[in-house]
Participant: 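For reference, the structure I am asking about is given below.
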Amino acid sequence: MAEGVEVGPPGAGLAHRVPDLGALELLLAVARLGSLGRAARELGITQPAASSRIRSMERQLGVALVDRSPRGSRLTAAGALVTDWALRIVEAAEAFDAGAQALRGRRDSRLRVAASMTIAEYLLPGWLIALRAQRPDTAVSLLAGNSAAVAERLLADEADLGFVEGLSVPTGLDEAVVARDRLIVVTAPGHPWARRRRPLTAGELASTPLILREEGSGTRQVLDAALGGLARPLLELSSTTAVKASAVSGAGPAVLSELAVGEELSARRLVSVPVDGVRLDRALRAVWRTGHRPTGPGRDLLGLTRHRGQG
């Protein structure tokens, strides 16, 4: 064994025995340019750093690779042989890198989003327009449903990123709060509650049949929790739009996201009814499978929500 050879422990992996790609690229540059200094400049390192890297590689392999002289640097016979092997390794690494880039391109060409109804209707359109400006080549598919359905999509790997409105997220999902929202009680202008001079109490709200979202929706979860699970449905509907339309028609009072009724309140098609003693604030969350934090376009969309979410 040559003196000064660095040998890994018995059974040591290739990383202990094979020079790294940077060292092999340097050796190839020396072979091509005939000068350690020119090779160092091409690779953007100093000549002392290049000399140190060559010496380290020679110690690792146990053979001299480069003869240095005032006229330049010349490969030894062993160096010429190692250079042939190094070329194959570098070419394989380039092919590996090209393949990895192709995989990233394929991943970044699509984004599957699942979102609960309020977020899908009132927040996501703006976020997706902003994402389109950043990533015009990414195709986005949106699956809208209630918060429970969003969780199911993510856990089944049918979506890359989800948005929910409930009080918590199921086991197996990680989360980040991206916005805040508030539920409000609304009714048509002709309903007796529209003329009340004092706020509703929790007991009055709990004892009155309401137009509600279905069980499993984030809106229903928050209301049931606020009323101790006592909300009484007059109608149970599967979309915010349907609940809102029923309330506008005079069918009865409803509980909806403040995000969803701004236009109707401004036009006096609906009236907001104050409530006392009921906590109806909620967090809006981005969710993803545990251990699979969004990358690529999913990461970019998550970043946009934090800049554009409602405070």
Side-chain angles (χ1 to χ4, degrees), residues 1-111 131 133-139 157 160-161 174 288-304:
M1 181 181 300
E3 184 179 354
V5 176
E6 295 182 357
V7 180
L14 284 173
H16 294 281
R17 305 195 304 271
V18 177
D20 62 45
L21 282 174
L24 296 179
E25 287 181 315
L26 174 62
L27 183 63
L28 290 173
V30 171
R32 186 176 68 255
L33 299 172
S35 165
L36 189 62
R38 286 197 293 272
R41 285 193 296 275
E42 180 177 89
L43 297 178
I45 60 177
T46 65
Q47 183 162 340
S51 296
S52 176
R53 187 170 292 182
I54 291 293
R55 286 195 299 271
S56 177
M57 184 164 41
E58 289 174 330
R59 287 196 301 271
Q60 184 179 19
L61 297 176
V63 294
L65 301 173
V66 178
D67 282 333
R68 304 162 186 82
S69 73
R71 295 186 299 276
S73 299
R74 181 176 58 84
L75 296 181
T76 64
L81 186 58
V82 170
T83 299
D84 288 340
W85 298 335
L87 181 60
R88 297 180 216 168
I89 294 173
V90 170
E91 287 174 345
E94 289 171 346
F96 180 94
D97 181 56
Q101 288 187 48
L103 285 176
R104 287 194 296 271
R106 187 184 308 167
R107 177 205 67 193
D108 292 353
S109 67
R110 68 166 188 163
L111 175 63
L131 180 66
Q134 288 188 8
R135 289 183 173 268
D137 296 328
T138 297
D157 194 23
D160 306 306
L161 180 63
D174 289 338
W288 56 88
R289 284 188 299 146
T290 298
H292 294 79
R293 188 172 182 85
T295 59
R299 179 194 58 225
D300 291 348
L301 179 58
L302 185 58
L304 287 168

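If you're wondering where the values come from, they're calculated on a predicted model, not measured in any experiment. Residue numbers count from 1 along this sequence.
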Participant: First locate atom CZ of R53, then atom CG of D20, and finally report the distance between them rounded to the nearest 0.5 Å.
Facilitator: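 It is 6.0 Å, given to the nearest 0.5 Å.
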Participant: Suppose we screen for salt bridge (Lys or Arg N to Asp or Glu O under 4.0 Å). Which residues come up paired with R55, at least two apart in sequence or across chains?
Facilitator: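 Checked R55 against salt bridge (Lys or Arg N to Asp or Glu O under 4.0 Å); zero matches.
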Participant: For D174, check salt bridge (Lys or Arg N to Asp or Glu O under 4.0 Å) against everything at least two apart and list the hits.
Facilitator: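 For D174 there are no salt bridge (Lys or Arg N to Asp or Glu O under 4.0 Å) partners, ignoring immediate neighbours.
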Participant: Taking salt bridge (Lys or Arg N to Asp or Glu O under 4.0 Å) as the definition, give me every residue that meets it alongside D157, ordered by chain and number, with sequence neighbours left out.
Facilitator: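 D157: salt bridge (Lys or Arg N to Asp or Glu O under 4.0 Å) contacts with R112, R289.
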Participant: What residues form a salt bridge (Lys or Arg N to Asp or Glu O under 4.0 Å) with R68, not counting sequence neighbours?
Facilitator: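 Partners of R68 under the salt bridge (Lys or Arg N to Asp or Glu O under 4.0 Å) test: E58.
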Participant: Can you give me the closest heavy-atom contact between A31 and L75, atom names plus distance?
Facilitator: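 Taking A31 first and L75 second, the nearest heavy atoms are CB-CD1, 3.5 Å.
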Participant: Which heavy atom of V30 sits nearest to which heavy atom of S73, and what is that distance?
Facilitator: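 Closest approach of V30 to S73: CG1-CB, 4.0 Å.
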Participant: Using the side-chain contact (heavy atoms from CB on, under 4.5 Å) rule, take L36 and V66 through it: C-alpha gap first, then chi angles, then the decisive distance, then the call.
Facilitator: CA-CA 9 Å; L36 189 62; V66 178; 5.9 Å; no
Participant: Please report the shortest heavy-atom distance between A23 and P19, naming the atom on each side.
Facilitator: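 Smallest interatomic distance, heavy atoms only, reads CB-CB, 4.2 Å.
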Participant: Could you list all the side chain to side chain donor-acceptor pair (under 3.5 Å) pairs where at least one residue sits in residues 24-42, not counting sequence neighbours?
Facilitator: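 Pairs touching residues 24-42 that pass the test: R32-E42.
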Participant: Would the distance check show the side chain of T138 and the main-chain N or O of P297 forming a donor-acceptor pair, the cut-off being under 3.5 Å?
Facilitator: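 No; zero donor-acceptor contacts below 3.5 Å.
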Participant: Check L161 against L302 and note the closest heavy-atom contact, atom names and distance.
Facilitator: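 It is CD2-N, 4.5 Å.
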Participant: Evaluate the side-chain contact (heavy atoms from CB on, under 4.5 Å) criterion for residues L301 and R135: first the C-alpha distance (whole Å), next the side-chain angles of each, then the deciding distance (0.1 Å), finally the verdict.
Facilitator: CA-CA 10 Å; L301 179 58; R135 289 183 173 268; over 6 Å; no
Participant: Taking side chain to side chain contact (heavy atoms under 4.5 Å, CB included) as the test, write out the residues that go with A40, two or more places apart.
Facilitator: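 Per chain and number, A40 pairs via side chain to side chain contact (heavy atoms under 4.5 Å, CB included) with I45, A50.
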Participant: Show the nearest heavy-atom pair for residues T76 and A64, with the distance to one decimal.
Facilitator: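 So the minimum-distance heavy-atom pair works out to OG1-O, 2.7 Å.
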Participant: Using a 3.5 Å distance criterion without hydrogens, assess whether the side chain of S56 forms a donor-acceptor pair with backbone atoms of S52.
Facilitator: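 Such a contact is absent between S56 side chain and S52 backbone.
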Participant: Going through the checks in order, is the side-chain contact (heavy atoms from CB on, under 4.5 Å) test met by L26 and M57?
Facilitator: CA-CA 10 Å; L26 174 62; M57 184 164 41; 5.9 Å; no
Participant: If you measure from CZ on R299 to CG on L111, what distance do you get to the nearest 0.5 Å?
Facilitator: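 With rounding to 0.5 Å, CZ (R299) is 11.5 Å from CG (L111).
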